S.K.: 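One structure is given below, represented as C-alpha cells, and several questions about it will come after.
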Amino acid sequence: MNMPQWLKDAVFYEIYPPSFQDSDGDGIGDLQGIISRLDYIKDLGCNALWLNPCFDSPFRDGGYDIRDYKKVAPRYGTNDDLIGLFHEAHRRGIRVLLDLVPGHTSDTHPWFIESSRYEPNEYSGRYIWTDHPFTGIGGHPYISGMTERYGAYMLNFFASQPALNYGWLHRTEKWMSAVDSPEAIATKEAMKDIMRFWLEKGCDGFRVDMADSLVKNDDENKSATAAIWRDVRNMLDREYPEAAMVSEWNNPVQAVNAGGFHMDFYLDWGWCANGYNTLLRDYEMGQEDRSYFRRDGHGDIHRFLDEYLPRYEAVKDRGYISLFTCNHDTPRAARTLDTDELKTAWAMILTMPGVPFVYYGDEIGMRFLDVRSKEGGYHRTGSRTPMQWDDTANYGFSTAEKDRLYLPVDPAEDAPTVQAQKDDPDSLYNTVKEVIRLRHENPDLQADGPFEVLIAEGTDFVYRRGSLIVAMNPSAETSVLHHPSFAGKKILYRIKDVQLADALILPPSSFVILK
Ligand code: NOJ
C-alpha cells in the first residue's frame, strides 16, 4: 500500500468554517476568510487543514446534513472559492482535507427525495427502507409516516439524516440489501465519485465522518465496513497516491489495519475507553476531575498508556493514530485546564508519534462558552464560537453587528486573542508554535519517529523519540527524575524552569525536550 510521504511531517489545523473568518461582513465565516488567514496558519507551523463540511445543506447538523456534495454552501462561497483555497493553500505548502459524510445525507438531498417516492426509481435502494410503514428496524432509529413510499426509513444520526444503504452483513429481513447487491454497490460508487470530483479539483483527501457506520449488522470487527474502505483506499493508491484519509472511527486497529485508513482519530467518546479522556477531560458530573494534565488531578499516565500502547504497536507500521487538542464535537480543554496546564498538554500531543490535529483557537486557549444550541450543535456549540484574532470589533472575526454573528464571541474581559499572545514569548500561542517548529526540525519527533516509554509512574512521564527525550510533570509537586538516558543530553526546549544536572528536575506544570 502507498503512504503519502507528506503525512510524516503533517501538523493539521481543523477549521469550523462558519466560525473562523468572515470576509464579507454577513456575520458568518467563509472560504475567502479562510484564504485570508492562510499566512497565519502557515506561520503557526500547521501544514495541513481539515475543513468541516462546507457543502450545500439546510444546516440541521452544522453541515453534516448534506444536500449537494458537489456544491459549496452559498454562505461560504462558491466552488471556485474552494478551488482558490486549494490553490492558495498549496502555494504555501498547506494540504487541505475536506469532510466526507458517507453514512447519511440530508433528507432534502435529491437522492432522498427520489428514494421516498411511491414509484420505484433509480434511487429507491439508495437508503435503508423497510417494506412496511409499521415495521421498525430492530433497535435502530427510524422514521415512518412522512413519505408516500410504503415503508419506514432508517436514520444514521439526527432525524434529518437518513442512512445511506451499503447493505447488511447479517440479513434477517427480506428488505435488507446484501453488501454486494447492486444498490449497495451503487452507494459506494456514488461516494467514490464525490471523492474523485473534489480530488480532481485539488483537494488532498478527506476526514471521514462516522466511517464505521456504513454496513449495518456488521460483525464485531466491522469487517464488511472495513472492506468498503479498503476498496476506496485501493482507488486512492491507484489514482491519487498523494491523497490521505483520516477516519472518525476511534478504533485504529479496525480503521487502519483492516480499513486501510492512513490515520484514525483517538476520540473523546466516553463509551469507548481509549485512555484519551484521562489526559484532558476526566470529569463526570459532580465528581472530582482526575485528568492527567490537571495540576490537582493526581493523575496516572498509565490510565492513558495502558490503552494507547497496544493500539500504537498494532498500527505503527501501517498508519497513524491522530491525537487532537479538541474538535467541533468535544468540549474545549480550556473549560477545565488553565494556561499552564494547556501548555504541557499541547506540548505532549505535538511530540507524540502519529499525526496531530490542533483545533482552531486551541493555540490561544479559547474557552468553551455557555451558548444556546446552533444548527444541531447542542452542548457542542460552546466549542464552535468565532475565532478571536485581535482587539477590533468581534475580535476581528467579522465586521457585522454583534447580533448578526453566527455565534457570540467570548464576553469575558480577558478573552484570549492571537494579537495579545503573539508578542508574549511565554504565551500559549508561542509555546504551540515553538513545539510545532521543533517537530518540523526534528524528524525523530514526527509521525514515524521511534517511540519508547522510559518512565511512566503516576504523573512522571518520559519518552524517547529517537535521539530526543521528552519529559513532563503536570502535577503540583516538583519531580526529580533519574534515568541513564539523560547522560550527555542538553535541554533543547523547556516549559518552566526545568533543570538537568545529575537528575532531571521538573517543577510543577513543566515540560522538556532533551537532545
Ligand atoms: C460526527 C460529526 O463530527 C458530528 O459533528 C456530526 O453531528 C455527526 N458525525 C453526524 O454526521
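Below, all heavy atoms of this structure are taken into account, side chains as well, without hydrogens, waters or symmetry copies. Everything numeric here is computed off the predicted structure, so don't read it as measured data. For ligands, and for the atoms within them, numbers begin at 1 and follow the listed sequence.
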S.K.: Assess whether a salt bridge exists between Arg60 and Asp107, defined as any Lys/Arg side-chain N lying under 4.0 Å from an Asp/Glu carboxylate O.
M.R.: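 Not counted as a salt bridge, because no side-chain N and carboxylate O are separated by less than 4.0 Å.
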S.K.: What I'd like to find out is whether the side chain of Trp129 reaches to under 4.5 Å of the side chain of Tyr142, using heavy atoms alone.
M.R.: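 Heavy-atom side-chain distance check fails, nothing below 4.5 Å.
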S.K.: Given the side-chain rings of Trp198 and Phe206, with only the six-membered ring counted for Trp, is the space between their centroids under 6.0 Å?
M.R.: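 No, too far apart.
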S.K.: Anything with a heavy atom under 4.0 Å from ligand 1 counts, so go ahead and list those protein residues by chain and number.
M.R.: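 Heavy-atom contacts below 4.0 Å: Asp61, Tyr64, His104, Phe157, Arg207, Asp209, Met210, Glu248, His328, Asp329, Arg380, Arg384.
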S.K.: Please determine whether a side-chain nitrogen of the Lys or Arg among Arg37 and Glu88 lies less than 4.0 Å from a carboxylate oxygen of the Asp or Glu.
M.R.: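 No, no charged N to carboxylate O under 4.0 Å.
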S.K.: Test of understanding: with side chain to side chain contact (heavy atoms under 4.5 Å, CB included), list the residues that count as partners of Asn52, not counting sequence neighbours.
M.R.: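 Only Glu14, Tyr16, Pro17, Trp50, Tyr64, Asp99, His328 meet the side chain to side chain contact (heavy atoms under 4.5 Å, CB included) criterion with Asn52.
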S.K.: Do the rings of His109 and Trp111 sit parallel, tilted or perpendicular, given the 30° and 60° boundaries?
M.R.: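 The arrangement is tilted - the two ring planes meet at 30° to 60°.
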